[in-house]
Structure formats: C-alpha cells, structure tokens
Amino acid sequence: MSKRLVVALSGGVGGAKLALGLSRVLSAHELLVVANTGDDFEHLGLSISPDLDTLTYVLAGLDNTVTGWGRRDETWSFMESIVALGGDGWFRLGDRDLALHVERTRRLRLGQTLSEVTADICTRLGIGVRVVPMSDDRVRTRVRGDAGWMDFQDYFVRQQCRPVVHELTFEGAALARPQADITAVLRSGQVRAVIVCPSNPIISIEPILAIPGMREAIKASGAPVVAVSPIIGGQAVKGPTAKMMRELGLEASAAGVAGRYGDLLDGYIIDHADADAISKIGARVMLAKTLMTSLHDRETLALVTLDVADMLALLR
Ligand code: GDP
C-alpha cells in the first residue's frame with residue numbers, strides 16, 4: 001500500500017489557508033496539522049493559542065473573513081464592557097471567541113493537555129482532520145527590540161510590529177518535547193509528505209523546528225519535505241514577515257525563506273512572480289500560483305504541493 005499520511009506545519013493565517021486546501025483534497029485520517037504554539041500567551045487570566053485558534057476556526061468554517069482573524073458573526077459586548085471598566089483592550093477578544101479561551105483555560109486547569117483540549121474542541125466543531133499543538137510543553141516566543149525583550153503578543157498586537165527586531169528566542173523550546181502524535185506519525189513509515197505551509201518562517205515555523213528532535217524526526221520520516229513560500233514578489237501577502245526578515249539581516253525574498261529552512265527542504269514552491277529566484281535556491285523548485293484568494297486556489301495549491309512531494313519521492 002502506498003504511503004498516505006501528510007504532515008503540515010502551520011502558523012496562523014497563511015498556514016491555515018493551505019491547511020484548509022489540504023483538508024479538502026485528502027481524507028480526514030490522512031492529514032495531521034501541526035500548529036505553532038510559540039505565540040501562545042496568558043491574558044485576562046485566559047490561555048490563548050492564536051495559531052491553534054485560527055486553524056480551528058478556518059477548518060471549522062467559522063473564521064471571520066472580514067477581519068482576517070477571530071470568529072465570524074462576532075459581537076464585542078465583553079470587550080466594550082471590560083474597556084469601560086478600565087480593563088485591557090489591546091488584544092481584541094470577541095464574545096464567541098471568548099468562549100473558546102474560557103473553556104480551554106478551564107480544562108487546562110483540570111489537568112488536561114493542550115492536545116487533549118484541542119482534539120476535543122475540534123471534534124465538537126466538526127473538524128475531521130487532526131490538529132495538534134507542536135508540543136504540550138510551554139514554549140514562548142520573545143522578541144528583542146531597541147527597548148529590550150518583549151513578549152511576542154506585546155510586540156505583535158499591542159505594538160503592532162512597530163519595534164525593530166534584533167533577536168528572537170523561543171523560551172522553553174530546549175526542554176519541550178514534540179507532541180506525541182507528531183512523532184508517532186513521523187515514525188510510522190507511512191508519511192507521504194511533510195508540507196511546510198506558507199507561514200512566517202521566523203515566528204511560525206522556526207518555533208516548531210526548534211523543539212529538540214523535531215527536525216530530525218521529519219528528516220528520519222523519509223518523506224519529501226515541501227515548503228510553499230509565504231513571500232510573493234518580494235512582499236509578504238500580509239503581516240510582518242518581510243519586515244522582520246530585513247531587520248534580522250536576512251533577504252526578504254522567496255530565496256531568503258528557503259535559506260532559513262536550509263537542508264530540511266527537498267522541494268520548494270514559489271510564485272511565478274519570483275521565477276528569477278530559482279537559481280539561488282538549493283531545493284528543487286516548482287513555480288505555481290501561490291496567492292490563495294478563493295477556496296479553489298487553496299485546493300489547487302494543496303494538490304500542487306502533494307504532486308511535487310510525490311514526484312520527489314519517485315526521484316529518490
Ligand atoms: P500568522 O501566525 O497569523 O502570522 O500566520 P502565518 O505565519 O501562518 O502566515 C503569515 C504569512 O502568510 C505571511 O508571510 C503571508 O505572506 C503569508 N500568506 C498569507 N496569505 C498567503 C497566500 O495566499 N499565499 C502565500 N503564498 N502566502 C500567504
């Protein structure tokens with residue numbers, strides 16, 4: 001029997017677009033989506049996991065396509081009320097979204113793991129594919145700007161990525177273990193492809209790869225590793241990817257992203273707009289339409305990534 005399992009590494013918005021495409025062209029049991037949890041934080045007494053939440057809402061068809069984050073059909077009574085009482089309003093939590101954080105926090109306090117909570121919530125929201133945090137251990141991305149170290153959400157949301165980034169750290173990563181399903185799938189001998197979604201390499205994918213054993217387990221799976229560039233025509237579609245890369249002294253381009261992943265990649269999918277970069281990229285490169293606007297774009301790009309992986313497997 002041919003290998004069937006696909007592992008997708010994802011951050012939030014960009015990653016979830018391709019994860020949705022993959023979920024629609026594969027059977028539910030064939031896909032494992034691994035989410036970055038370096039962005040997680042505690043706010044107003046709640047445990048918030050922004051990338052897991054984005055993936056959950058997108059895969060459940062509950063994402064807010066107007067804001068690009070959070071839940072659809074959202075109302076803001078809680079936010080208005082807490083601000084009126086003098087509380088923190090910089091991280092926007094809609095009323096419906098709030099329910100997820102309250103329930104997750106309650107269950108974590110009862111001693112459930114983040115993966116147990118996530119699995120149950122995904123089931124309740126009708127998500128068939130498996131979505132797992134990169135680790136059940138605490139990892140926190142921190143950013144060093146001119147004024148010193150900041151928590152990630154302070155930089156990302158409160159200061160809206162304005163500070164210049166000099167350095168990043170993934171606190172706790174060195175002691176974290178990959179979530180158990182990830183290593184079990186990677187060791188199964190049944191992995192068809194590992195797909196690195198078009199997410200911010202520095203703050204969405206590198207925290208996943210920073211967990212000891214993760215990179216090695218991906219390599220040892222024997223499956224082709226194929227990434228999709230989050231940079232199109234030298235620009236990020238959304239968010240601070242290009243700005244951060246420049247500030248860290250990296251080339252903000254499709255080639256620059258490939259350079260970050262290094263020998264992890266077997267294949268790399270870049271947009272037609274970046275065709276000039278091919279000669280600078282070590283991995284085998286395929287050109288595609290990588291801007292995902294419609295659902296059809298997401299499904300088509302998912303099929304392209306799988307085709308590239310299958311082709312690379314044949315070349316081995
Ligand atoms: P975050 O955790 O919410 O910031 O989301 P991710 O890290 O998963 O995604 C952010 C990256 O997604 C940015 O670098 C965007 O350029 C990229 N992105 C968003 N939409 C698309 C798209 O349609 N195609 C591609 N190729 N990249 C995208």
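As the structure lists them, so they are numbered: ligands from 1, and atoms in each ligand from 1. Predicted, not measured: the structure shown is a model, and the values here were computed from it. We number each residue from 1, following the sequence as shown.
Of all protein heavy atoms, the one closest to atom 10 (C) of ligand 1 is N200 N, 3.8 Å. The protein non-hydrogen atom at the shortest distance from atom 24 (N) of ligand 1 is T290 O, 2.7 Å. Annotation: atom 17 (C) of ligand 1 to nearest protein heavy atom, P198 O, 3.4 Å. The closest protein non-hydrogen atom to atom 9 (O) of ligand 1 is G14 N, 3.1 Å. When hydrogens are left out, the protein atom nearest atom 8 (O) of ligand 1 is S199 OG, 2.7 Å; that is the closest non-hydrogen contact. Atom 6 (P) of ligand 1 has as its closest protein heavy atom G12 N, 3.5 Å.
Around atom 22 (C) of ligand 1, the closest heavy atom drawn from M245, K17, M244 belongs to K17. Around atom 15 (C) of ligand 1, the closest heavy atom drawn from K238, K289, R298 belongs to K238. The option from S204, G239, G11 that lies nearest to atom 7 (O) of ligand 1, judged by heavy atoms, is S204.
Contacts between A16 and ligand 1 below 4.0 angstrom, taking non-hydrogen atoms only, are absent altogether. In T54, neither the side chain nor the backbone holds a heavy atom less than 4.0 Å from any atom of ligand 1. Contacts with ligand 1 closer than 4.0 Å are made by side-chain heavy atoms of D51 only, the backbone lying farther away.
Partners of D307 according to the side-chain hydrogen bond (donor to acceptor under 3.5 Å, both in side chains) rule, which considers only residues two or more places apart in sequence or in another chain, do not exist here.
For I232, no nitrogen or oxygen atom sits less than 3.5 Å from a nitrogen or oxygen atom of ligand 1, counting backbone and side chain alike. Checked against a 3.5 angstrom limit, the closest N/O atoms of P230 and ligand 1 fall inside it.
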